[in-house]
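Sequence positions, counted from 1, serve as the residue numbers for this chain.
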Amino acid sequence: MTATPEQHDVVALLTADHRTVRDLFEGYRAATDPERRRQLVDRMTVAVVRHSVTEEVHLYPTVRKALPNGDRIADEEIEELTEAERILSDLDAVDPRDRRFDPLVRELMDVVSMHIRGEEDLVFPELRERLTPEERMALGLRVGEAAAAAQGVPPVSPEGPGPGRTLADRVRERLTGRTR
C-alpha cells in the first residue's frame with residue numbers, strides 16, 4: 001500500500017489490497033517465463049497471507065459485531081482465505097514447469113476472486129452503511145499499521161522452508177507468531 005493508514009478508511013485500504021492481488025494475477029497471465037511466474041506466485045503468497053492475517057485480526061471481529069449475520073459472513077470469508085492459503089501451500093511444492101502449476105494458480109485466482117467479490121459486493125457496502133466514518137478510519141489505521149509491519153516479510157527464507165513449512169506458513173508465522 002502506498003498511502004499512509006491515516007489517509008484512508010478500512011474499505012479503501014482493503015480495496016487497494018485487492019487491486020494489488022488482481023495486478024499480480026494479470027502479471028502472471030502475461031508472464032511466460034517459469035521463473036517469473038514463480039516470483040509472481042511468491043509475491044501473491046505474501047500479499048494474500050498478509051491480507052488474510054490482517055482481516056482475521058482486525059476486520060472480521062468488527063464484521064461479527066457490526067453486520068447482521070456477521071458471524072456467518074466472517075466464517076465464509078475466512079474459509080475462502082483458508083482455501084487460498086491451502087492452494088498457495090500446494091503451489092509452494094510444485095515447480096512452475098510442472099503441468100499441475102497453472103491449474104493450481106487458476107484455482108487460486110478463482111478462490112481469491114470469489115473472496116474479493118464477496119467483500120466488495122457485500123461486506124464493504126455494509127461496513128460503509130453501519131460504521132461511522134470515524135470507526136472506519138480507526139479500523140483503517142489498525143489495518144494499515146498491521147500491513148506496514150508486514151512489509152518486511154521476505155518472500156524467501158535464507159535458511160529455506162524447513163521441514164513441512166511452506167512460504168505461506170513462514171509469512172503467517174512471521175506476522176502472527178504461529179501457523180494455522
Check whether any side-chain heavy atom of [X] sits under 4.5 Å from a side-chain heavy atom of [Y], and report yes or no.
X	Y	answer
E35	R97	yes
T45	D92	no
F101	L91	yes

Over all atoms of both residues, closest heavy-atom pair of [X] and [Y]:
X	Y	result
I87	E107	CD1-CG, 3.5 Å
R100	D98	N-OD1, 2.7 Å
G144	L13	N-CD1, 3.9 Å
D9	M137	N-SD, 3.4 Å
L67	R130	CA-CD, 4.1 Å
L127	R136	O-CD, 3.9 Å

Would you mind checking if [Y] and [X] are paired as a salt bridge, meaning a charged N to carboxylate O distance below 4.0 Å?
X	Y	value
D90	R86	yes
R19	D23	no
E120	R22	yes

With hydrophobic residues grouped by side-chain heavy-atom distances under 4.5 Å, do F25 and M114 end up in a single group? no
Could you measure the distance from the [atom1] atom of [X] to the [atom2] atom of [Y]? Nearest 0.5 Å is fine.
X	Y	atom1	atom2	value
T54	R142	OG1	CZ	12.0 Å
E119	L81	CD	CG	7.0 Å
E85	E83	CD	CD	10.5 Å
E55	E77	CD	CD	7.5 Å
L88	L104	CG	CG	9.5 Å
E80	T82	CD	OG1	10.0 Å

Start with the C-alpha distance between R106 and D110, add both sets of side-chain angles, then the distance that settles salt bridge (charged side-chain N to carboxylate O under 4.0 Å, His left out), and finish with yes or no. CA-CA 6 Å; R106 282 193 299 277; D110 289 345; over 6 Å; no
Hey, which of L139, L14, V10 is the one that makes side-chain contact (heavy atoms from CB on, under 4.5 Å) with H58? L139
Just to verify, which of L59, D17, V46 counts as forming a side-chain contact (heavy atoms from CB on, under 4.5 Å) with H51?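 Only match with H51 under side-chain contact (heavy atoms from CB on, under 4.5 Å): D17.
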Has R72 got more than 12 heavy atoms of other residues, nucleotides or ligands less than 6.0 Å from its CZ? yes
Test of understanding: with side chain to side chain donor-acceptor pair (under 3.5 Å), list the residues that count as partners of R37, not counting sequence neighbours. Y28, D102
